[in-house]
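Beneath this line is the structure, given in structure tokens, with notes to follow.
Counting from 1, the numbers follow the sequence of the chain as shown.
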Amino acid sequence: QKDIVSNLELVKDIIAFANNGVFVSYIIIGVSDDGNHFVSVDNKSLIGTKGDDNIQRLIRDYIFPIPKVSLESHVYKDHDKTYNLSIIIIGPNPKQCFRFAKDGIDYSKKLCFKKNEVWIRRNATSDLATPEEIIKLFSKKVATEKRTDVQGTDYLRDYDDKYDLLVTNDLKKISKILY
């Protein structure tokens with residue numbers, strides 16, 4: 001991930017999570033590909049204010065309409081190791097149909113995403129939406145069910161001095177699941 005702007009897979013996943021509507025979703029950067037342990041984020045384009053600026057630019061360039069997304073950096077300590085983690089927070093977004101704003105092609109990764117493609121989450125994967133699912137996204141109905149995240153924490157509601165503690169506690173719980 002040397003150049004976040006070329007990461008079309010990340011754009012696809014952000015679109016899919018943004019189409020969750022009133023739910024808040026998280027992408028944690030700093031977990032190994034196999035999901036078994038934490039790895040420190042060394043890519044400066046994904047850390048701090050610069051990281052959030054890069055995410056905002058990526059969203060502005062590739063997603064329409066523009067969803068509510070932010071990036072936060074955290075330091076997580078597990079025993080004697082310290083990890084830099086970045087968390088992309090997506091939503092809550094109004095009930096809309098988020099989609100690619102333009103074609104995205106990355107020849108080196110053999111990726112091609114077309115303008116107006118709509119992606120949604122199905123369990124643990126991002127999938128291309130069917131026409132029926134796109135119609136539902138455009139409908140005026142708003143989901144009223146309450147979503148519980150992995151740990152059931154509503155970070156936005158608890159946004160005060162407890163926020164870092166909540167994130168740290170949830171990362172500890174996730175690490176127990178991973179190990």
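- Ile135 and Val118 fall into different hydrophobic clusters, defined by Ile, Leu, Val, Met, Phe, Trp and Tyr side-chain heavy atoms under 4.5 Å apart, directly or through other members.
- For Trp119 and Phe17, the gap between ring centers reaches or exceeds 6.0 Å.
- The CZ atom of Phe98 sits 10.5 Å away from the CD1 atom of Ile90 when rounded to the nearest 0.5 Å.
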*asked:* Show, in sequence, the C-alpha distance, side-chain angles and deciding distance for Ile66 and Arg60, and conclude whether the side chain to side chain contact (heavy atoms under 4.5 Å, CB included) test is met.
replied: CA-CA 6 Å; Ile66 298 172; Arg60 210 175 38 250; 3.9 Å; yes
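- Between Asp127 and Arg122 there is a salt bridge, since a side-chain N of the basic residue sits under 4.0 Å from a carboxylate O of the acidic one.
- Scanning all heavy atoms of the two residues, the minimum distance from Cys112 to Ile105 falls at SG-CG1, 4.0 Å.
- Under a 3.5 Å cut-off, the side chain of Asn20 and the backbone N or O of Phe23 do not form any donor-acceptor pair.
- Across all non-hydrogen atoms, the minimal contact from Asp106 to Ser108 is OD1-OG, 2.6 Å.
- Side chain of Asp103 to main chain of Lys114: no donor-acceptor pair is present (N/O by atom type, distance under 3.5 Å, no hydrogens or angles).
- Under the 3.5 Å distance criterion, the side-chain polar atoms of Arg121 are matched with a main-chain donor or acceptor of Ala124.
- Cation-pi check for Lys102 over Tyr62 is met; the charged atom lies under 6.0 angstrom from the ring centroid and within 45 degrees of its normal.
- Between Val39 and Tyr83 the shortest side-chain heavy-atom distance does not fall below 4.5 Å.
- Side-chain contact between Leu58 and Asn54 is absent, with no heavy-atom pair separated by less than 4.5 Å.
- The structure places OG of Ser73 at 7.5 Å from CG of Asn84, a figure rounded to the nearest 0.5 Å.
- From Ile59, atom CD1 reaches atom CG of Leu71 across 9.5 Å, with rounding to the nearest 0.5 Å.
- Of the inter-residue distances, the one linking Ile29 atom CD1 with Ile87 atom CD1 reads 9.5 Å to the nearest 0.5 angstrom.
- A donor-acceptor contact shorter than 3.5 Å links the side chain of Gln56 to the backbone of Val69.
- Rounding to the nearest 0.5 Å gives a distance of 8.0 Å between CD1 of Ile55 and CD1 of Ile27.
- Counted by atom type alone, Asp13 and Ser126 present one or more donor-acceptor pairs between their side chains at under 3.5 Å.
- In this structure a side-chain-to-backbone donor-acceptor pair under 3.5 Å is present from Asn93 to Lys68.
- Shortest non-hydrogen contact noted between Thr130 and Glu133 is N-OE1, 2.8 Å.
- The main-chain N or O of Ile120 is never found under 3.5 Å from a side-chain atom of Asn19 such that the two would form a donor-acceptor pair.
- Looking at Lys12 and Glu9, a side-chain N of the basic residue comes within less than 4.0 Å of a carboxylate O on the acidic one, giving a salt bridge.
- Closest non-hydrogen pair, Ile134 versus Cys97, comes out as CG2-SG, 4.1 Å.
- Between the CG atom of Leu85 and the CD1 atom of Ile28 there is a distance of 7.5 Å, given to the nearest 0.5 Å.
- The shortest distance between side-chain heavy atoms of Glu72 and Ile89 falls below 4.5 Å.
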